[in-house]
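Here is the structure we will look at, set down as structure tokens.
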Protein chains: 2
Amino acid sequence: MLTPPESFGVSVRDMRRLDGTDVRLLLALVADPRGTVVAFAQALGLSRNTVQARMTALESRGALLPFDRRIDPVALGYQLTAFITVHVHQPRLPAIVQGLAQIPEVVEAYGLSGPSDLLLRVVARDAEDLFRINGAVLAVAGVERAETSLAMGEVIPYRMVPLLEASGRAHPATAHETLG
Amino acid sequence: MLTPPESFGVSVRDMRRLDGTDVRLLLALVADPRGTVVAFAQALGLSRNTVQARMTALESRGALLPFDRRIDPVALGYQLTAFITVHVHQPRLPAIVQGLAQIPEVVEAYGLSGPSDLLLRVVARDAEDLFRINGAVLAVAGVERAETSLAMGEVIPYRMVPLLEASGRAHPATAHETLG
DNA sequence: GCAGCGACTGAGCAGAATGCTCACTCCGCC
DNA sequence: GGCGGAGTGAGCATTCTGCTCAGTCGCTGC
């Protein structure tokens, strides 16, 4: 895996990769999601101006996913999480997805390669609720089989920090960075 | 069964359910993650004071998940997402989880009921990278089998709004709420 | 070698938001 | 009837934001 021709900084607007400064900013954001621009500027040893520019750039570049992601279903009363692998009549996939999207408890769905076609992440208030939801999934026209696995525990909570750190090492720094 | 209570992240938090006002605030937050307290107060027809109190309450209550969740792996150069179901030697589960946690690309992991023991969400830069990661998973002592399914598409992007709306209808309002 | 360009900086400024406190009002509850 | 929780409006010092401008630095292209 080669590093791109090493111009540093984000010169191209559509460039996907973040440079070291962006990564450090994200790390700071993780440490204090509601921190002020001023605080980050100080923490990163950058000027307020720069941080402000980077922040808006991150947003407009789509490096930040929607806020939905930060809402804990448990707080809403959905204590259970389950994963449902779904086998479908493939030609009808689009309609099936539409049908599944009607079920609020389906909080995420991926199309998969391999033996099963779809992987759903669902949340439920309790076991009975999960049973009902499972039924709702099966009721979607085109769904041929659904296998539910209850999440017994989130053994590794969603995390991006290790990747950020790896990414930071890969893109060491911009010209102006002198901090370790 | 295979649940050492403490090692699993999903502990029973003694959080009260969110009331209608909290839900409306979350909805507003989804609409504008960086919105100011003042703006939300106006949007919800509440006083600035109240919104401020609710916001801090939400945070301290743990209704908001870490910021990690909002970082898009694609922006970091991880173009691929895959799900790996893992069968393990169950008595060694805690050590296995520890081992898996060493792999940065494993961004999330759940203990499952049912045929497989673990479900991993992994990200990778490309196919070759995914192959390497798959190897790393298999190399963890105690892992007996791992089946990788590549995510071909995020057919339903992670979403909480439908649940919020349902939740809002379920908990109509607090005593002071008169707004629709 | 020099001009251009992009990234970063420091300064400045008006207006807005924050954090906090206080006094007061509702409303349900024991 | 008194209490406590939740909300309100006001006030105030401090801080942050959003924006602009002029200037520096280092690479890139001519």
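Keep in mind it's a predicted model, so treat the numbers as computed, not measured.
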Take the protein atom CG of A:D22 and the nucleotide atom C1' of C:dG6, then report the distance between them rounded to whole Å. 14 Å
Is it the case that one hydrophobic cluster holds both B:L120 and B:M152, taking links as side-chain heavy atoms less than 4.5 Å apart, direct or via other members? yes
With DNA chain C as reference, determine whether A:S47 or A:R34 sits nearer its 5' end, using the nearest nucleotide of each. A:S47
Take the protein atom CG of A:L18 and the nucleotide atom P of C:dA7, then report the distance between them rounded to whole Å. 14 Å
Would you say a side-chain N or O of A:T36 is under 4.0 Å from OP1 or OP2 of D:dC16? yes
Please report, rounded to the nearest Å, how far the P atom of D:dG7 is from the CZ atom of B:R24. 11 Å
Take atom CG of A:D19 and atom C1' of D:dC27, then tell me their distance rounded to the nearest Å. 15 Å
Verify the neighbour count for atom CZ of B:R92: are there more than 12 heavy atoms of other residues, nucleotides or ligands below 6.0 Å? no
Rounded to the nearest Å, what distance is computed from the CE atom of residue A:M55 to the P atom of nucleotide D:dC19? 14 Å
Side chain of B:V37 only, heavy atoms from C-beta on: which candidate in D:dT8, C:dT9, C:dT18 is closest? C:dT18
Among the nucleotides C:dT18, D:dT8, D:dC19, which one has an atom lying closest to any side-chain atom of B:R48? C:dT18
Rounded to whole Å, the CD-C1' distance (B:Q42 to D:dT8) equals 16 Å
Does A:V51 or B:A39 map to a spot on DNA chain C nearer the 5' end, using the closest nucleotide for each? A:V51
D:dT8 phosphate, OP1 or OP2: any side-chain N/O from B:T50 under 4.0 angstrom? yes
Say whether, by atom type as modelled, one donor and one acceptor occur between the side chain of B:R70 and the main chain of A:L65 under 3.5 angstrom. yes
For the pair made of CD in B:Q52 and P in D:dT8, what is the distance, rounded to whole Å? 13 Å
Shared hydrophobic cluster, A:V123 / B:Y158 (ILVMFWY, side-chain heavy atoms < 4.5 Å): yes
Any cation-pi pair here, A:R125 with A:Y78, using under 6.0 Å and within 45°? yes
What's the closest nucleotide to the A:N49 side chain, out of D:dC21, C:dA17, D:dT8? D:dC21
Return the value, rounded to whole Å, for the distance between atom CZ of B:R54 and atom C1' of D:dG5. 11 Å
Among D:dT17, D:dT8, C:dT18, which nucleotide sits nearest the side chain of B:V38? C:dT18
